[in-house]
Amino acid sequence: MRSGDAPPRKSRRQTRLGGTPIMPGIGIGPITFAEEPALPNPRQKIAASDIQAELRQFDDAAKQARKQLGKLKARLTTLPEEAQTEIAPLIEAHLHMLGSSRLMRAIQSAIEDRLVSAATAVIEVAEDQARTLLALRRGADDGAAAARQAEEVRDIGRRLLRNLTHLPFRSFSGLPQGGILVAEQLRPSDAALIDPAHFAGIATEEGSADSHTAVMLRAIGVPAALGIPGLLAAARPGSTAILDGESGAIILNPGQRGLAEAARLRTSFARAQRGLVRLRRLASETLDHVPIELQANLELPFELPMVAQSGATGIGLMRTEFLFMNRETVPDEDTQYTIYREAIEAMDGDPVTIRLLDWGSDKEAEALVASDAISVAREANPALGLRGIRLLLQNPKLLETQIAAVLRAAAFGPVRILVPMVSRISEIETVRHEVDRVWRRLRTRQTRLPALAPPIGIMVETPAAALNAAAFARHVAFFAIGTNDLTMYAMAADRALSDRTGLYDPLNPAVLRLIAMTVAAGENAGVSVSICGELASRPEAVPLLIGLGLRQFSMHGGAVLRVKRAVRATEATSCIGLAEAALTASGAKAVHALIAQTAIGS
Ligand code: PEP
Ligand code: MG
């Protein structure tokens with residue numbers, strides 16, 4: 001930014017910004033920004049021998065910041081022109097400061113000359129420069145511009161710090177209650193810290209529908225929208241906003257009329273939710289009496305009572321990642337056992353499918369890197385690297401501990417073991433071998449165990465697993481199709497990125513073909529097949545999925561009754577034609593059109 005070229009003020013006019021819908025519902029409240037992470041050791045000295053490493057880390061953090069801003073800039077074109085003119089100068093200013101600026105040079109010198117860590121240098125230099133800007137121009141005509149420039153320097157400092165430390169946001173519980181939580185981006189581990197009773201809504205600038213953060217937010221159950229371009233620049237803390245989780249829109253500074261309409265919508269949404277409850281006791285079957293099993297995905301333990309009440313007949317996917325988040329050490333066998341047992345007992349005889357740890361990709365491998373117990377090399381392409389079962393096989397102790405905890409918990413009710421991110425048959429053979437070994441060890445010690453070892457199944461979420469499903473069927477007891485990752489790997493499009501190109505779409509015929517192949521392989525071999533990606537929770541996709549032969553769905557607890565309503569309105573035999581048409585459609589758009597036609601016809 002040229003000096004004196006101050007960025008525009010945030011508007012007080014009513015502004016509507018669109019994003020990706022995540023969790024339906026209407027939230028009304030003041031905007032509350034997520035708090036920045038607290039730095040564990042604010043002033044950290046380093047040895048002269050560490051200078052190069054700290055400079056490299058700082059360089060990486062700056063590169064990452066430029067990339068983040070570059071992405072924001074690219075997405076500006078999707079905003080109304082007025083919003084573009086407001087936000088573009090802000091981004092340019094930040095990019096300029098991240099280039100060869102006084103701020104960057106001062107941070108590098110602080111590391112070299114004052115022998116402080118990169119994080120310390122960022123905090124100290126950003127604050128110094130912000131204060132200098134304010135002091136120089138105090139009382140001058142351009143005082144307001146100086147205040148904004150100082151805030152920008154601090155903003156850049158915070159961004160660099162976040163990139164440097166990988167720390168989660170500070171606890172959200174200190175923030176005022178009843179607001180709309182706004183952040184540039186939330187990581188899954190940030191989302192896991194949110195108390196659903198605390199916020200009226202959640203909105204972020206980055207993020208996408210099938211990311212792990214979205215999965216977490218659905219578990220939390222608060223109206224939410226992600227991937228809203230321009231949100232941070234336009235939102236003023238404390239000003240009122242309406243969040244519509246159904247359409248993905250946020251309305252900033254709404255007028256009286258808008259507020260009254262939103263309040264009315266919120267009431268009718270709550271009434272519709274209550275109306276769904278009557279479905280709980282009704283059978284989950286199509287109009288022509290084909291039974292469709294509806295199970296729940298469990299991401300966080302506090303969902304258990306809701307899942308048990310949702311009408312779900314078991315847990316089709318228990319993601320165990322939450323156990324490893326927001327902690328310094330890896331949970332031991334007893335800690336894991338207690339949590340698995342609680343879930344099994346809460347389901348009261350219905351099966352619980354416990355997935356082995358699926359760490360990596362957008363599930364923040366950095367958090368595990370922090371633990372000495374796990375060896376994870378930093379990778380250029382984490383989604384294509386040591387993720388899920390690959391990471392477990394490299395860390396046998398981690399695998400062994402989790403298997404032992406699951407086997408002990410299985411004494412309290414029916415359990416299935418689900419293996420994530422499988423792409424080779426040898427991986428499943430190793431897991432089976434490990435389960436047998438741990439089983440024998442526990443039995444020798446007279447540990448309480450179930451009569452039979454739990455069945456082992458795989459996530460079908462890599463094209464390799466789907467294409468080779470017939471061979472896998474000879475080695476496993478069940479398939480769980482994970483459309484979130486299957487779409488990412490089939491379309492070579494990141495599930496965690498805001499995507500306006502339509503490339504990432506589980507309804508693309510390429511993904512549907514992989515689903516159909518898996519279903520056929522399962523049917524031929526008598527191996528049960530479920531679908532547990534986010535696609536399973538979309539009522540409009542129900543006829544297509546039934547047409548593809550799926551009879552078992554697993555989704556977040558809040559979606560079970562909505563999906564049941566769709567199942568009960570569907571005729572299974574008439575879905576076969578829809579599925580055939582979708583498999584041969586020219587693209588995802590055509591599949592969406594087919595689904596929309598079916599919805600009109602039903
Ligand atoms: C999937 O990939 O579809 C899935 C269910 O697993 P996760 O979202 O946890 O990666
Ligand atoms: Mg997955």
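Each ligand, and each atom within it, is numbered from 1 in the order the structure gives. Values in this document were obtained by computation on a predicted structure and should not be read as measured data. Numbering of residues begins at 1 and proceeds along the displayed sequence.
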- Message: Quick check: of its N, O or S atoms, which one does D485 have closest to the Mg ion (ligand 2)?
- Response: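 This residue's closest N, O or S atom turns out to be OD2.
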
Mind checking whether [X] contacts ligand 1 via backbone (N, CA, C, O), side chain (CB onward), both or neither, at a 4.0 Å heavy-atom cut-off?
X: D358; result: side chain
X: E299; result: neither
X: L317; result: side chain
X: R387; result: side chain

- The single option from V277, L282, L276 that satisfies side-chain contact (heavy atoms from CB on, under 4.5 Å) with R280 is V277

- Between D210, N484, D494, which is the residue that forms a side chain to side chain donor-acceptor pair (under 3.5 Å) with Y504? D210

- So which of R495, H212, R319, M459 gets nearest to atom 10 (O) of ligand 1, if we judge by its closest heavy atom?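 Among R495, H212, R319, M459, the closest heavy atom to atom 10 (O) of ligand 1 comes from R495.
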
Which of the numbered atoms in ligand 1 are below 4.0 angstrom from a heavy atom of [X]?
X: C532; result: 5 (C)
X: D485; result: 1 (C), 2 (O), 3 (O), 10 (O)
X: E461; result: 1 (C), 2 (O), 6 (O)
X: G482; result: 1 (C), 2 (O), 3 (O)

- Test salt bridge (Lys or Arg N to Asp or Glu O under 4.0 Å) on E299 and R218 and set out the steps. CA-CA 9 Å; E299 337 302 335; R218 290 193 186 103; over 6 Å; no

- Query: Is the distance between the Mg ion (ligand 2) and the nearest N/O/S atom of E461 smaller than 2.8 Å?
  - Reply: yes

- Query: Between the side chains of T313 and D350, does any donor sit under 3.5 Å from an acceptor?
  - Reply: no

- Backbone or side chain, does any N or O of E534 fall under 3.5 Å from an N or O of ligand 1?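 Such a contact does not occur with ligand 1.
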
[X] and [Y] ion-paired at < 4.0 Å:
X: E429; Y: R432; answer: no
X: D358; Y: R319; answer: no
X: D334; Y: R341; answer: no
X: R355; Y: E321; answer: yes

